[in-house]
Amino acid sequence: MSETQEFWIISAPNLPGADIFDQVNQKTAKENALSENKKFNTPALRVGTLNSLITLNDELQKIDTIVEATTKKIAKQLVDLVGTKPGKDKSLSINGHTIPQYLQQFAWDDAKYNLKLSLQEIVEKISSAVSKIDDDLKTKSTEYSTLSTSVATEERKASGNLQVRTLNDLITSDNLVQTDYLTTAFVVIPKQSEKEFLACYETLSDYVLARSAKRVAQDNDYFLYSVFLFKKFYENFKTKIIEKKWVLRDFKLEDNKPTQERSKLTEDKKNCRTSLIRWCRLNFPEAFMAWVHLKVVRVFVESVLRFGIPFNFQAILMKPQKGSDKKVRDILFDQFKYLGSAHISGKNETDDSEKFYPYISVSVNWEN
């Protein structure tokens, strides 16, 4: 069963002569061992106007949800393909680092998201890139799903007993004679009728070749035999077989084509799977890094709107120990309640809906 691992990126304004990180780390890590904490580097992004910040802030959470969904869909697709949990799969590393390591060592990618761009331009770049990844994922996963369905359909055709299943993968040139005058009849008989069939098949119709019966295949209940005879007497032979309550399976040489098609489908599915695994491993880091950069933008925008400019705040990456979320929140509330207002969530609030804390708090949830 997968386990959700939650990281928090919090921020609060620095105080004269005091290090916000040291204060938080002292209370939550050193004194109580409730959380692993790391200073989180946030760059000096372009602020723009107050109105643009407010407008962007309204959009960010929705975009965040979309980017998160795409990132997790890629990871899930890879899990479905290789059967490895996202947190355990080394192929989901970010530039050679695990997900926790990447977050703890985060550095803004200025080459990809130039700091000279406006916040809106950075967000649009992230959104556009992840939207393309999402579209590609839909296309590739649909292709793989379609091939999987086709292969499963062909496999179902190849299952069942000899009376109903396809014969395409059972008939070889050794079992088949097709000339201007001769043909091959394929007869399915119950196993307990084999002795009777072998004793009488030559006399069921005229011009059945003596000793031509050859067992081609068997399953739990039936034998499949091939019999050579003259084409002119095929229908008469078929009638006699039916009268015996046996089954004559009509088969033509060109019927081998579906077998070739099934083999091609299976090969296509294998190649598609390999390609999709490779694509997921290449694009998961891109989506995840875009997601984290978007989180950074959220922290920055909310911090500027809440704490004002010139901005002087410290961001902290926190990884609460399992089951310690509420205790950590209570400690943070006590530390930063001086920043609050009447609208801020209290210590004892247990509602799981979106909360408003006196400090900035943006979560990064991941499944191990």
Side-chain angles (χ1 to χ4, degrees), residues 80-83 142-277:
D80 292 343
L81 290 168
V82 301
T142 297
E143 179 186 5
Y144 179 71
S145 178
T146 300
L147 282 170
S148 297
T149 300
S150 298
V151 170
T153 299
E154 291 300 319
E155 287 175 348
R156 282 195 297 272
K157 290 180 182 178
S159 63
N161 64 47
L162 287 168
Q163 288 188 327
V164 295
R165 61 157 291 171
T166 180
L167 303 182
N168 296 321
D169 56 340
L170 302 177
I171 306 301
T172 67
S173 57
D174 294 336
N175 315 125
L176 192 65
V177 170
Q178 293 284 2
T179 69
D180 290 340
Y181 300 102
L182 293 176
T183 189
T184 308
F186 292 96
V187 184
V188 179
I189 58 172
K191 286 187 171 180
Q192 63 269 25
S193 301
E194 184 179 32
K195 184 179 290 187
E196 178 188 357
F197 170 77
L198 292 175
C200 73
Y201 80 91
E202 295 176 2
T203 60
L204 289 179
S205 176
D206 294 332
Y207 294 98
V208 175
L209 273 63
R211 296 189 295 277
S212 66
K214 182 178 180 181
R215 188 193 296 174
V216 176
Q218 64 179 318
D219 58 24
N220 292 334
D221 302 308
Y222 299 98
F223 289 126
L224 174 67
Y225 269 87
S226 63
V227 176
F228 302 150
L229 69 160
F230 278 74
K231 284 183 178 180
K232 183 177 180 180
F233 298 94
Y234 180 85
E235 290 302 323
N236 184 56
F237 182 77
K238 181 176 181 180
T239 299
K240 296 298 182 180
I241 290 293
I242 293 173
E243 288 176 359
K244 288 283 190 179
K245 301 190 184 303
W246 299 332
V247 176
L248 191 143
R249 298 292 306 274
D250 292 321
F251 182 85
K252 296 180 181 179
L253 184 61
E254 57 265 24
D255 288 344
N256 270 315
K257 291 180 180 177
T259 301
Q260 298 169 358
E261 290 172 2
R262 185 166 70 250
S263 297
K264 184 178 185 303
L265 277 174
T266 302
E267 185 65 23
D268 287 347
K269 177 189 172 184
K270 179 182 176 181
N271 293 337
C272 186
R273 178 180 179 274
T274 301
S275 175
L276 184 52
I277 290 173

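All values below were derived from every heavy atom in this structure, side-chain atoms included, with hydrogens, water molecules and symmetry-related copies excluded.
- D219 meets the salt bridge (Lys or Arg N to Asp or Glu O under 4.0 Å) test with no other residue; sequence neighbours excluded.
- Under the rule for a side-chain hydrogen bond (donor to acceptor under 3.5 Å, both in side chains), S226 has no partner lying at least two apart in sequence or in another chain.
- With sequence neighbours excluded, the residues forming a side chain to side chain contact (heavy atoms under 4.5 Å, CB included) with V164 are N161, listed by chain and number.
- Every residue was checked against the salt bridge (Lys or Arg N to Asp or Glu O under 4.0 Å) condition with R249, not counting sequence neighbours, and none meets it.
- Separating the CG atom in L248 from the OH atom in Y234 is a distance of 4.0 Å, to the nearest 0.5 Å.
- Residues passing the side chain to side chain contact (heavy atoms under 4.5 Å, CB included) test with I242 are K238, sequence neighbours excluded.
- F228 has its side chain out of reach of L182: every pair of non-hydrogen atoms, C-beta onward, lies at least 4.5 Å apart.
- Between the SG atom in C272 and the NZ atom in K270 there is a gap of 13.5 Å [rounded to 0.5 Å].
- Rounding to the nearest 0.5 angstrom, the gap separating the CG atom in L176 from the CG atom in L167 is 11.0 Å.
- Residues I241 and V247 form no side-chain contact, since every pair of their non-hydrogen atoms from C-beta on lies 4.5 Å or further apart.
- Listed by chain and residue number, F251 satisfy the ring-ring contact (aromatic ring centres under 6.0 Å, His included) test with F186 (two or more places apart in sequence, or in another chain).
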Name every donor-acceptor pair, under 3.5 Å, that has one atom in a side chain of residues 203-210 and the other anywhere in the protein, sequence neighbours excluded.
from : atom 1 : to   : atom 2 : distance (Å)
T203 : OG1    : C200 : O      : 2.9
S205 : OG     : N236 : ND2    : 3.0

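- Not counting sequence neighbours, the partners of A217 by the side chain to side chain contact (heavy atoms under 4.5 Å, CB included) test are L162, L170, L224.
- Here the shortest heavy-atom pairing between Q178 and T184 reads NE2-N, 4.4 Å.
- Listed by first then second residue, pairs satisfying ring pair (Phe, Tyr, Trp, His ring centres under 6.0 Å) with a partner in residues 145-183 number zero, not counting sequence neighbours.
- At least one side-chain heavy atom of K264 sits under 4.5 Å from a side-chain heavy atom of D268.
- Between the side chain of S275 and the backbone N or O of N271 there is no donor-acceptor pair closer than 3.5 Å.
- Panel note: side chain R273, backbone L81; a donor-acceptor pair is recorded below 3.5 Å.
- Residues meeting the salt bridge (Lys or Arg N to Asp or Glu O under 4.0 Å) test with K269, sequence neighbours left out: none.
- For the residue pair K231 and D180, the shortest heavy atom distance occurs at CD-O, 3.8 Å.
- Considering CZ of F233 and OG1 of T239, their distance stands at 13.0 Å, rounded to 0.5 Å.
- Judged as a side-chain hydrogen bond (donor to acceptor under 3.5 Å, both in side chains), and not counting sequence neighbours, S212 has no contacts.
- For residues 189-203, the salt bridge (Lys or Arg N to Asp or Glu O under 4.0 Å) pairs, not counting sequence neighbours, are E194-R215, E196-K244.
- Classified by interplanar angle (parallel below 30°, tilted 30° to 60°, perpendicular above 60°), the ring pair F197/Y201 is parallel.
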